[in-house]
Structures are given as C-alpha cells and as structure tokens.
> 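My structure is below; once you've seen it, I'll send some questions.
This one's a predicted model, so the numbers in the text were calculated from it and none came from an experiment. One-based numbering along the sequence shown.
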Amino acid sequence: MNEYMLGVILATLFVGLFLLLNKKKKEGSLPVDDENHNDCKTSSIVNNGVVKIQSVRGEGDIDVIVVGAGVAGAALACTLGKDGRRVLVIERDLSEPDRIVGELLQPGGYLKLIELGLQDCVEEIDAQRILGYALFKDGKDTRLSYPLEKFHSDVAGRSFHNGRFIQRMREKAASLPNVRLEQGSVKSLLEENGVIKGVLYKTKNGEKVEDHKAYAPLTIVCDGCFSNLRRSLCSPKSLALDKKIKSVGLLLQVDVPSCFVGLVLENCELPYPNHGHVVLAEPSPILFYPISSSEVRCLVDVPGEKVPSISNGEMANYLKTVVAPQIPHQLYNSFIAAIEKGSIKTMQNRSMPAAPHPTPGALLMGDAFNMRHPLTGGGMTVALSDIVVLQNLIKPLCDLHDAPALCKYLESFYTLRKPVASTINTLAGALYKVFCFSTDQARKEMRQACFDYLSLGGVFSSGPVALISGLNPCPLSLVCHFFAVAIYGVGRLLLPFPSPKRLWIGARLISSASGIIFPIIKAEGVRQMFFPATVPAYYRAPPGN
C-alpha cells in the first residue's frame with residue numbers, strides 16, 4: 001500500500017511539473033507585436049501558372065479581426081488597440097478615400113470621439129467648426145443653433161474631407177504596436193460548427209495573388225454599405241426590403257430612397273458661416289456645408305435610384321435649370337462655376353434597419369450593419385456611439401475564446417445601442433420624407449409646418465436640433481416633437497376659422513405624419529427603442545474569465 005501511495009505521489013508531482021513547464025512554454029511563445037510576424041506558416045499553390053502563397057495565421061496571433069478601415073473600422077481598431085487587444089485590420093484599399101458623404105460629424109459624434117480619445121483626428125485636416133443649421137424655404141430663412149451652452153467651448157460639429165479624417169485614424173491605429181493594417185479583400189468568413197473562426201482574404205503583390213487565412217476569437221465586420229459579408233450575419237428580414245440593387249456581383253436588398261449629386265464650391269462664403277445649410281427645394285433638399293477653409297460641399301438630393309447622365313450633359317442641364325434657381329443667391333455664381341468645372345460625383349443613398357443575427361465569433365457594425373438617409377449627417381455619430389458601447393462591453397473580458405458565451409453576452413450590444421441609433425435613424429428617415437416636395441396638400445402643410453415650427457426658436461428649435469446633433473438622442477422626445485409639428489400644422493389650418501376642407505386636410509396631415517414615422521419605428525423595434533430595460537439582454541453579465 002505504501003508503494004502505491006508513493007507511486008501516486010510521484011506521478012502527481014510529475015504531472016504537475018509537466019503542466020507547469022508546458023504553461024511557461026506557451027507563455028514564452030506568445031507572438032511579439034512586430035511587423036514581420038514570423039510565426040506564419042506558408043504553402044505554395046500553383047493554379048493556372050499563377051503562384052498563390054497561402055498563409056495561415058495561428059489562432060494565438062490575433063484577438064480581434066476588423067474587416068474594413070473606414071470610419072467605423074479605423075476608430076474601432078484604435079479603440080481596441082489602446083485597450084491592449086491584438087488587432088488585425090484588413091482593408092480593401094488603404095489609399096485616401098474620396099467620398100461625398102461622411103463629411104459632417106455632429107456634436108454628439110464629436111463627444112463620442114472625445115470619449116474614445118480620438119479627437120485629435122479632426123486636427124491638422126483643415127476641419128471646420130459647425131455651430132448649427134440654416135434652413136431656407138421659398139425665399140425665407142431661419143438659423144438653428146446647436147444647444148451647446150452646457151458643454152466645453154471646444155464641443156461643436158466638425159466638417160472635413162472624409163478621406164483626410166479616415167487617413168488620420170488609420171495612421172493613429174497603425175502607430176499602435178499591437179494593431180496591424182493589411183491591404184486585402186476579404187472573400188469569406190471561416191466557419192466551423194456554426195462558429196466564425198476568422199476570415200479568408202486575398203492580397204495582390206505585383207503579379208502574385210496571395211490567399212491568406214487569419215484566425216481570431218472575434219471577427220468584426222465593418223466593410224461598409226457594399227458589404228459582401230452582410231448576408232452571413234444579418235437576419236433575413238433586413239435583406240427583404242422593397243428595393244433591390246446590384247453591387248459587387250451580389251444582390252443586396254436595401255432601400256434606396258434617393259441619390260446625392262456632389263459638387264465642391266470653391267472660394268465662396270456661406271450666408272451663415274460655420275453652419276450647415278438646408279434648402280427645402282423641389283423635388284427634394286439641397287445641402288451646403290464647408291469641408292475646408294476654402295471649399296463648400298454641395299449635395300443635391302435626387303429622388304429615386306437613378307440620376308441624369310453626366311456624360312451626355314443631362315446632369316449639367318438639370319443642375320443649371322432646376323437646381324440653380326432655388327439656391328441662395330450668394331452661392332449662385334460659385335454653383336454654376338462648379339458645374340462648368342465638371343467635377344460632379346454621384347452616389348446612392350441607402351437605408352437599412354439593423355436586424356442582427358447573433359453569430360458566435362462575429363459581429364456586424366457600421367454601414368454594413370445599419371444605414372439611414374444621410375440628410376442629417378448622423379452616420380458617423382451612430383458608428384462612434386456603437387464603438388463606445390462595444391468597448392465598454394468588451395473591456396472587462398480577459399478571454400474572448402468562449403464563442404457561444406461571448407455571443408450570448410454581446411447580444412446586449414444590440415439592445416444598448418438602440419436608443420441612440422434608433423433615434424438618429426428614425427429622425428433621418430422622417431425628416432427626409434417631410435422635407436421632400438409633394439403635390440399632396442397635407443404633405444405640403446406638414447412641410448411648411450416643420451419650417452415654421454423650427455423658426456419659432458426656444459425649445460421648438462433647440463429640442464429638434466438637439467436630436468439631430470446627437471446631443472439628446474431620446475426616442476420619446478423625437479416622437480413628441482414630430483407630432484407637435486403635426487398638431488402645429490393643424491392649428492395653422494384651423495385658425496382663424498375652420499372649414500370642412502381645412503378640417504379634412506388637418507385630419508390627413510395627422511394621418512400622413514403617422515404614416516411617415518410609425519413604419520420607421522416599427523422597423524427599428526418599438527420595445528428596443530422605447531423600453532430597452534425590458535429586454536433580457538439588457539442585463540447580460542460578462543461571462544466568467
């Protein structure tokens with residue numbers, strides 16, 4: 001018996017020593033955050049005479065893979081990198097983007113930028129401070145200031161060249177030793193038993209096409225509105241809207257209410273400096289805002305999925321004959337000069353409510369996940385707010401490898417983001433429909449009522465502007481102000497003396513207002529938007545580490 005006991009003791013000591021040495025060996029083999037990553041395994045594949053180098057990165061190399069390095073992806077990489085995560089960012093094109101949207105950051109978004117420690121990314125890019133809006137309709141105008149009295153003097157909106165802003169964030173991310181940016185196109189997600197393990201992506205090095213596999217416990221997809229990974233991570237209902245567009249060879253189903261036609265006006269002064277300008281024109285709004293000290297962005301909204309042809313001169317003729325007569329006279333000459341210069345760009349405006357399909361090992365963010373009409377410039381505010389929510393959720397986690405537990409925990413992300421995101425989404429969709437010209441008398445009255453309501457000043461302007469700016473993203477406040485506009489419109493119709501016709505128009509106005517806002521709220525989710533605390537996921541605790 002003593003011999004057996006001695007054997008058990010010796011065996012236990014041996015096993016314990018083996019485990020201790022094995023643990024130290026693993027700890028000593030953690031990859032160093034350098035640029036070479038010599039722990040990659042490579043194998044050559046010959047296909048049709050082209051040598052493909054297939055690279056496989058071990059699962060211990062990376063904590064998080066971020067697909068896309070736009071506003072959402074670059075900001076997320078910076079944030080996770082500063083928190084000590086090892087991040088691989090894969091972006092299709094790392095050269096400076098040239099886009100006509102993503103150029104106006106609302107004050108609420110700037111506050112989120114401060115919270116993430118990225119406020120220096122709007123410095124040294126000739127960004128302009130934005131202090132509010134100016135609204136123009138039928139020769140009248142009104143100024144709407146952001147309610148910034150309670151904030152530090154530096155807090156305001158910012159407008160800039162989108163590409164310069166993104167490059168600043170990419171540079172900041174790349175400066176972190178544990179963040180690596182690679183230029184490549186992600187072909188697909190790597191799935192194993194229902195769990196996303198990483199991504200398959202390709203890079204091009206001269207004549208060589210290289211295929212890579214990268215593994216991480218968490219993959220976050222932020223590859224924008226043209227995402228080819230969206231359908232893998234979204235619920236079917238989010239891909240079943242009325243409109244269809246073909247993009248990157250895939251049939252993506254997104255609502256396309258209109259297109260933007262973009263121009264840059266040079267060396268002109270806006271009627272209200274440091275303000276965004278919204279012209280309630282026919283058939284839809286026209287936007288002006290500064291993007292540098294010498295340039296003003298003009299965005300002409302054209303309803304529908306198609307715009308007049310640029311190549312045959314239809315677009316120039318449309319801008320000169322239909323749009324130019326409706327813009328403020330101070331901008332007319334610069335507008336015509338911009339048309340003559342010929343640097344006209346177009347893009348479709350997309351809208352898609354967030355309808356996530358929780359998938360172990362993966363998360364969808366940015367425009368790949370949720371889009372709204374860019375009229376109110378709320379997209380970057382939503383993206384940065386989402387990153388703050390996700391950062392606070394992930395920060396206490398030491399280990400991300402338990403995919404099912406992490407997936408269940410991160411379901412709270414979809415609930416916690418809702419009040420901010422759904423307020424901005426709903427406001428963008430509703431305002432666009434109200435601001436568009438209509439031959440329907442009730443819609444005309446609603447449009448005029450909105451302009452007059454905002455012109456009243458006080459809480460009637462500061463309340464809605466606080467919603468637009470992201471300073472008070474409160475769903476209940478949004479609904480109250482929206483129907484206050486409708487009731488104000490009815491009151492204008494009934495005074496001084498109501499008539500059967502005016503009563504009928506008033507009833508249709510209320511019905512029209514309901515028809516605008518309620519479908520958007522339904523798509524966003526009534527419970528998550530107004531009563532998030534009643535959703536069980538709201539209270540999810542971090543899984544045991």
> Does any non-hydrogen side-chain atom of Gln106 lie less than 4.5 Å from one of Ile468?
yes

> Main chain of Leu427, side chain of Arg372: is a donor-acceptor contact present, judged purely on distance under 3.5 Å?
no

> Hey, does Lys418 have a side-chain heavy atom less than 4.5 Å from the side chain of Pro532?
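No. Closest side-chain heavy atoms not under 4.5 Å.
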
> Aromatic ring centroids of Phe369 and Tyr414 under 6.0 Å?
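Between Tyr414 and Phe369, which both carry aromatic rings, the centre distance is below 6.0 Å.
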
> For the atom pair NZ (Lys433) and CG (Leu375), what is the distance rounded to the nearest 0.5 Å?
13.0 Å

> Side chains of Tyr432 and Asp301: any donor to acceptor distance under 3.5 Å?
yes

> Would a distance-only check, ignoring hydrogens and angles, find a side-chain to backbone donor-acceptor pair under 3.5 Å from Asn349 to Pro374?
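Checked: no pair found.
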
> Tell me which one of Thr219, Leu218, Val186, Ile220 satisfies side-chain contact (heavy atoms from CB on, under 4.5 Å) with Ile65.
Thr219

> On the six-membered ring of Tyr110, is Arg158 placed so that its NZ or CZ lies under 6.0 angstrom from the centre and within 45° of the ring axis?
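That pair qualifies as a cation-pi contact.
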
> Decide yes or no for Val221 and Leu189: does some side-chain heavy atom of the first lie under 4.5 Å from some side-chain heavy atom of the second?
yes

> Tell me if a side-chain donor or acceptor on Thr359 pairs with a main-chain N or O of Ala362 at a distance below 3.5 Å.
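Here the side-chain-to-backbone pair does not exist.
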
> First locate atom CG of Leu176, then atom CG of Leu181, and finally report the distance between them rounded to the nearest 0.5 Å.
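If we round to the nearest 0.5 Å, Leu176:CG and Leu181:CG are 10.0 Å apart.
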
> Taking all non-hydrogen atoms of both residues into account, name the closest pair between Ile310 and Ile344 and its distance.
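In this case the closest contact between Ile310 and Ile344 is CD1-O, 3.7 Å.
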
> For the pair Arg86 and Asp63, find out whether any cationic side-chain nitrogen is under 4.0 Å from an anionic carboxylate oxygen.
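Yes, Arg86 and Asp63 are salt-bridged.
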
> Checking the side chain of Ser175 only, and the main-chain atoms of Lys172 only, is there a donor and an acceptor separated by less than 3.5 Å?
yes

> Using 4.0 Å as the upper bound for N to carboxylate O, is an ion pair formed by Lys197 and Glu191?
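Answer for the salt bridge query: no.
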
> Take Glu96 and Asn162 through the test side-chain contact (heavy atoms from CB on, under 4.5 Å) and record every step on the way to the result.
CA-CA 9 Å; Glu96 184 173 310; Asn162 171 266; over 6 Å; no

> Going through the checks in order, is the salt bridge (Lys or Arg N to Asp or Glu O under 4.0 Å) test met by Asp367 and Arg350?
CA-CA 9 Å; Asp367 283 350; Arg350 296 171 175 81; over 6 Å; no

> Side chains of Arg527 and Thr534 only: does a donor on one sit below 3.5 Å from an acceptor on the other?
yes

> Identify the two heavy atoms, one from Cys222 and one from Leu76, that lie closest to each other, and give their separation to 0.1 Å.
SG-CD2, 4.1 Å

> Heavy-atom distance under 4.5 Å between the side chains of Asp386 and Phe413, does that happen here?
yes

> Under 3.5 Å, is there a donor-acceptor pair between the Asp255 and Ser351 side chains?
no

> Please find the pair of heavy atoms, one from Ala75 and one from Met169, that lie closest to each other, and give the distance.
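In this case the closest contact between Ala75 and Met169 is CB-SD, 3.8 Å.
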
> Could you tell me whether Lys408 atom NZ has more than 12 heavy atoms of other residues or ligands within 6.0 Å of it?
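Count not over threshold, so no.
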
> Any luck finding a side-chain donor-acceptor pair between Asp126 and Gln128 under 3.5 Å?
yes

> Hey, is the main chain of Thr423 close enough, under 3.5 Å, to the side chain of Thr426 for a donor-acceptor pair?
no

> Quick one: SG on Cys407 to CG on Leu363, what's the gap to the nearest 0.5 Å?
9.0 Å

> Around Tyr538, counting heavy atoms of other residues, nucleotides and ligands shown, do more than 12 lie under 6.0 Å from its OH?
no

> Can you tell me how far OG of Ser514 sits from CD1 of Ile516, rounded to the nearest 0.5 angstrom?
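Answer rounded to 0.5 Å: 9.0 Å.
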
> Start with the C-alpha gap between Asp223 and Arg92, add the side-chain angles, then the distance that decides, and say whether salt bridge (Lys or Arg N to Asp or Glu O under 4.0 Å) holds.
CA-CA 9 Å; Asp223 55 346; Arg92 183 182 59 83; over 6 Å; no

> Might you point out which heavy atoms bring Val89 and Ala69 nearest each other, and give the distance in Å?
CG1-CB, 3.8 Å

> Taking all non-hydrogen atoms of both residues, which atom of Tyr409 and which atom of Pro396 are closest, and how far apart?
OH-CG, 4.3 Å

> Could you check if a side-chain atom of Ser412 sits within less than 4.5 angstrom of a side-chain atom of Val389, using non-hydrogen atoms only?
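Answer no - side chains too far apart.
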
> Assess whether atom CG of Asp154 is packed by more than 12 heavy atoms of other residues, nucleotides or ligands within 6.0 Å.
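Buried by this count: over 12 neighbours within 6.0 Å.
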
> Just so I know, are the side chains of Leu116 and Gln391 near enough to count as touching, which here means a heavy-atom distance under 4.5 Å?
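Result yes, sub-4.5 Å side-chain heavy-atom pair found.
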
> Using the ring of each side chain (for Trp, its six-membered ring), is His373 parallel, tilted or perpendicular to Phe260, with breaks at 30° and 60°?
perpendicular

> Spell out, as yes or no, whether a donor-acceptor pair under 3.5 Å connects the side chain of Arg297 to the backbone of Val101.
no

> Taking Asp93 for its side chain and Ser95 for its backbone only, find out whether a donor-acceptor pair lies under 3.5 Å.
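Between the backbone of Ser95 and the side chain of Asp93 there is a qualifying donor-acceptor contact (under 3.5 Å).
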
> Taking atom types as modelled, is there a side-chain donor on Thr203 or His212 under 3.5 Å from an acceptor on the other?
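Yes - a donor-acceptor pair under 3.5 Å links their side chains.
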
> With a 4.5 Å cut-off on side-chain heavy atoms, are Pro543 and Leu397 touching?
yes

> Check for a donor-acceptor pair, side chain of Ser159 on one end and backbone N or O of Pro290 on the other, with a separation under 3.5 Å.
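Side chain of Ser159 to backbone of Pro290, a donor-acceptor pair under 3.5 Å: yes, one is there.
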
> Would Phe482 and Leu467 satisfy side-chain contact (heavy atoms from CB on, under 4.5 Å), going step by step from the backbone distance to the final call?
CA-CA 11 Å; Phe482 189 81; Leu467 292 165; over 6 Å; no

> Phe530 and Ile521: side-chain contact (heavy atoms from CB on, under 4.5 Å), yes or no, with the steps?
CA-CA 10 Å; Phe530 293 96; Ile521 290 175; 3.7 Å; yes

> Cut-off 3.5 Å, side chains only: do Asp399 and His401 have a donor facing an acceptor?
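There is such a pair between these side chains.
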
> Yes or no on salt bridge (Lys or Arg N to Asp or Glu O under 4.0 Å) for Glu210 and Lys202, after CA distance, side-chain angles and deciding distance?
CA-CA 5 Å; Glu210 302 175 348; Lys202 63 180 180 180; over 6 Å; no

> Between Ser292 and Arg164, which heavy-atom pair has the shortest distance, and what is it?
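Shortest heavy-atom contact: CB-NH1, 4.4 Å.
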
> What verdict does the salt bridge (Lys or Arg N to Asp or Glu O under 4.0 Å) test give for Arg180 and Glu182, after you've listed the backbone C-alpha separation in whole Å, the side-chain angles of each residue and the deciding distance to 0.1 Å?
CA-CA 7 Å; Arg180 184 160 51 88; Glu182 276 197 35; 2.3 Å; yes

> Between Arg170 and Gln167, is there a side-chain donor-acceptor contact under 3.5 Å, judged purely by atom types and distance?
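Their side chains do contain a donor-acceptor pair, which is all the 3.5 Å distance test asks for.
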
> Measuring from atom NZ of Lys395 to atom OG1 of Thr79, what distance do you get when rounded to the nearest 0.5 angstrom?
9.0 Å

> First locate atom CZ of Arg168, then atom SG of Cys78, and finally report the distance between them rounded to the nearest 0.5 Å.
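Rounded to the nearest 0.5 Å, the CZ-SG separation comes out at 10.5 Å.
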
> Between Cys259 and Thr346, is the side-chain contact (heavy atoms from CB on, under 4.5 Å) condition met? List the steps.
CA-CA 7 Å; Cys259 299; Thr346 65; 5.7 Å; no

> Considering only heavy atoms from C-beta outward, does the side chain of Leu410 approach that of Pro358 to under 4.5 Å?
no

